[in-house]
Colleague: 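What follows is a single structure, and I will ask about it in a moment.
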Amino acid sequence: MRGPLGDVVVLDLSRALAGPHAAQMLGDLGARVIKVEHPDGGDESRGWGPPFVGPDHDISTYFLAANRNKQSIAVDLKSDEGKRLIERLVRQSDVLIENFRTGVLDRLGFPVDRLHELNPRLVILSITGFGHDGPEGGRPGYDQIAQGEAGLMSLTGPGPDEPYRVGASIADLLAGIHGAYGVAAALYERERTGKGDVVRTSLLAAVTGVHSYHGTAWTVGGQVPQANGNHHASIAPYGAFRCADGMLQIAVANENQWRKTATLLDIDPDIPKYATNRERFAHRDELIADMEKSLARHDRAHWLAALGDLGVPAGAIRSLDEVYAWDQTRSQGLLVEVDHPVLGSIELPGPPLRFENAQAAQHTAPPALGQDGDAVLAWLEEREG
């Protein structure tokens with residue numbers, strides 16, 4: 001597969017989700033990704049489920065989500081033979097990705113200085129739970145723990161007394177995304193300096209880095225944001241509303257949209273308590289009640305069509321099966337078909353980027369444990385020769 005990173009080699013020592021997601025993103029862009037797994041069971045996410053699929057119900061759909069476009073080799077990093085192989089691969093790689101706890105890679109004999117001694121041009125991506133240094137830098141980090149520690153759960157849920165985790169493993173995924181764009185920047189910098197760098201991120205940094213206006217509400221405004229259920233923390237009306245046959249979402253971002261929405265719902269847009277966003281937010285509970293009283297007259301399809309005609313942003317709340325069946329999802333390349341050695345032809349969630357002038361990428365299925373050992377060794381010998 002060729003792409004913007006078609007000449008880049010990524011050595012992926014990571015496991016679970018954050019690191020593998022970063023490596024998968026680079027693979028989506030055309031990089032050769034060599035996934036190093038322990039011979040005994042491989043990446044622990046191979047055992048995470050349900051659901052499991054396949055004739056023996058032993059293939060983890062969790063693993064399938066984070067490991068497309070990779071080759072798998074089985075290596076014991078604690079063995080002398082395994083360490084020698086990693087040294088050879090480091091010399092031929094452009095990027096190394098790891099998400100061990102702080103100090104583990106050092107104890108395996110591969111501190112940063114040693115890696116850059118083997119390959120001065122190597123870009124190293126290191127993802128940790130809470131950072132590689134600081135008073136709690138050595139803590140193990142898992143997604144839900146990080147969501148809580150980084151404040152995200154305090155912003156999510158029906159109210160301040162019921163913190164909820166985000167349904168997706170958002171801390172892991174954001175750390176992978178941040179890591180991948182950090183790698184891209186380091187590769188670009190390497191073209192200027194000739195030297196590799198170390199890119200560091202963490203689950204804590206990834207979540208804190210997307211606080212956005214919630215963060216400045218505190219750092220500048222002195223207010224601690226709280227969970228608002230399905231309604232926006234600063235804009236009204238903006239959220240989920242009940243109608244005759246369920247719920248729909250309406251997002252009114254400016255006064256023109258408000259006047260159109262209010263007129264449609266037989267609400268006077270100029271009454272003082274609703275005349276500006278500041279006043280609407282202050283009277284949000286009343287506003288929601290007034291809107292839902294009008295919305296109860298018709299079903300969701302009626303209101304989505306009417307709001308669409310007015311140019312007011314609105315939408316359904318879809319289940320995942322509905323999302324992947326939706327023509328719009330498919331039109332954006334958000335599903336890719338791959339040929340799995342056991343499952344045959346399957347569809348996977350696809351990459352979120354498209355390049356206007358590039359040929360359509362040919363994606364490969366997530367590999368079986370160690371399936372590419374011979375191919376990688378042959379490639380390595382050719383490179384060394």
Side-chain angles (χ1 to χ4, degrees), residues 5 7-27 31-38 43 70 73 75-141 146 172 174-206 209 376 380 383-384:
L5 301 182
D7 58 348
V8 171
V9 178
V10 177
L11 185 60
D12 181 12
L13 303 184
S14 66
R15 67 266 186 260
L17 188 52
H21 188 69
Q24 179 173 261
M25 291 182 66
L26 299 174
R32 176 192 289 269
V33 181
I34 301 171
K35 183 177 181 68
V36 176
E37 301 186 73
H38 194 280
D43 188 323
K70 299 183 185 181
I73 60 172
V75 180
D76 182 356
L77 295 178
K78 294 182 179 180
S79 71
D80 291 340
E81 181 183 3
K83 290 179 180 179
R84 286 194 295 270
L85 178 56
I86 294 301
E87 288 182 355
R88 292 172 64 194
L89 287 167
V90 165
R91 289 190 178 99
Q92 301 301 326
S93 297
D94 299 284
V95 179
L96 181 145
I97 298 177
E98 63 92 8
N99 61 350
F100 296 110
R101 286 182 63 179
T102 302
V104 169
L105 201 58
D106 293 10
R107 292 194 292 274
L108 289 171
F110 295 103
V112 168
D113 290 348
R114 173 60 177 155
L115 292 170
H116 278 153
E117 179 183 315
L118 292 167
N119 182 352
R121 291 174 56 82
L122 185 70
V123 171
I124 302 166
L125 170 60
S126 178
I127 302 176
T128 56
F130 295 91
H132 76 288
D133 54 8
E136 300 188 41
R139 285 180 62 185
D172 279 325
L174 285 171
I177 293 168
H178 289 319
Y181 96 73
V183 165
L187 288 171
Y188 182 81
E189 182 185 41
R190 190 181 70 173
E191 294 302 303
R192 182 169 51 83
T193 66
K195 295 181 179 180
D197 202 350
V198 182
V199 178
R200 299 190 186 276
T201 191
S202 66
L203 307 192
L204 170 64
V376 170
L380 183 58
R383 292 268 292 204
E384 291 172 334

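The figures here come from the full heavy-atom set of this structure, side chains too, leaving out hydrogens, waters and symmetry mates.
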Colleague: Evaluate the side-chain contact (heavy atoms from CB on, under 4.5 Å) criterion for residues Thr128 and Arg200: first the C-alpha distance (whole Å), next the side-chain angles of each, then the deciding distance (0.1 Å), finally the verdict.
Modeller: CA-CA 8 Å; Thr128 56; Arg200 299 190 186 276; over 6 Å; no

Colleague: Do Val9 and Leu89 have side chains that approach each other closer than 4.5 Å (heavy atoms only, starting at C-beta)?
Modeller: no

Colleague: On a heavy-atom basis, which atom in Leu122 and which in Ser93 lie closest, and how many Å separate them?
Modeller: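 In terms of heavy atoms, the two residues are closest at CD1-O, 3.7 Å.
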
Colleague: Using atom types as modelled and distance alone, determine if a side-chain donor or acceptor of His132 lies under 3.5 Å from a backbone N or O of Gly137.
Modeller: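 No, because the side chain of His132 does not come within donor-acceptor range (under 3.5 Å) of the backbone of Gly137.
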
Colleague: Checking Arg114 now: which residues fulfil side chain to side chain contact (heavy atoms under 4.5 Å, CB included) with it, not counting sequence neighbours?
Modeller: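 Side chain to side chain contact (heavy atoms under 4.5 Å, CB included) check on Arg114 returns Glu87, Pro111, Glu117, Leu118.
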
Colleague: With a 3.5 Å cut-off and sequence neighbours excluded, list the donor-acceptor pairs that the side chains of residues 11-24 form with protein atoms.
Modeller:
from: Asp12; atom 1: OD1; to: Ser14; atom 2: N; distance (Å): 3.0
from: Asp12; atom 1: OD1; to: Ser14; atom 2: OG; distance (Å): 2.4
from: Asp12; atom 1: OD2; to: Lys70; atom 2: NZ; distance (Å): 3.2
from: Arg15; atom 1: NH1; to: Asn99; atom 2: O; distance (Å): 2.8
from: Arg15; atom 1: NH1; to: Asn99; atom 2: OD1; distance (Å): 2.7
from: Gln24; atom 1: OE1; to: Asn67; atom 2: N; distance (Å): 2.9
from: Gln24; atom 1: OE1; to: Arg68; atom 2: N; distance (Å): 2.9
from: Gln24; atom 1: NE2; to: Ala65; atom 2: O; distance (Å): 3.1

Colleague: To the nearest 0.5 angstrom, please state how far the OG1 atom of Thr201 sits from the NE2 atom of His178.
Modeller: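 Spacing of OG1 (Thr201) from NE2 (His178) equals 6.0 Å.
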
Colleague: Quick one: closest heavy-atom pair of Ala186 and Val123, and the distance?
Modeller: CB-CG1, 3.6 Å

Colleague: Hey, does the side chain of Arg121 reach the backbone of Asp94 with a donor-acceptor pair shorter than 3.5 angstrom?
Modeller: no

Colleague: Using 0.5 Å steps for rounding, measure from the CG atom of Leu187 to the CZ atom of Arg190.
Modeller: 5.5 Å

Colleague: Taking the side chain as everything from C-beta on, heavy atoms only, tell me whether Phe110 gets closer than 4.5 Å to Ile124.
Modeller: no

Colleague: For the atom pair NE2 (His38) and CG (Asp43), what is the distance rounded to the nearest 0.5 Å?
Modeller: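 Separation between the atoms: 12.5 Å.
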
Colleague: Leu105 versus Leu115: any side-chain heavy-atom pair under 4.5 Å?
Modeller: yes

Colleague: Indicate yes or no: at least one non-hydrogen side-chain atom of His116 is less than 4.5 angstrom from one of Val198.
Modeller: yes

Colleague: Any chance you could measure Arg32, atom CZ, to Asp7, atom CG, to the nearest 0.5 Å?
Modeller: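 If I round to the nearest 0.5 Å, the distance is 12.0 Å.
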
Colleague: Is there side-chain contact between Lys195 and Pro120, with heavy atoms separated by less than 4.5 Å?
Modeller: no

Colleague: If we only count heavy atoms from C-beta on, is the Leu96 to Asn119 side-chain gap below 4.5 Å?
Modeller: no

Colleague: Measuring from Leu203:CG to Ile127:CD1, what's the distance to the nearest 0.5 Å?
Modeller: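 The CD1 atom of Ile127 is 8.0 Å from CG of Leu203, to the nearest 0.5 Å.
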
Colleague: Who are the side chain to side chain contact (heavy atoms under 4.5 Å, CB included) partners of Glu81, not counting sequence neighbours?
Modeller: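 By the side chain to side chain contact (heavy atoms under 4.5 Å, CB included) rule, Glu81 matches Ser79, Arg84.
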
Colleague: Rounded to the nearest 0.5 Å, what separation is found between the CD1 atom of Ile34 and the CG atom of Leu380?
Modeller: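 One gets 7.5 Å once the value is rounded to the nearest 0.5 Å.
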
Colleague: State, to 0.1 Å, how close Gly141 and Phe130 come at their nearest heavy-atom pair, and which atoms those are.
Modeller: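 Closest approach of Gly141 to Phe130: CA-CE1, 4.0 Å.
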
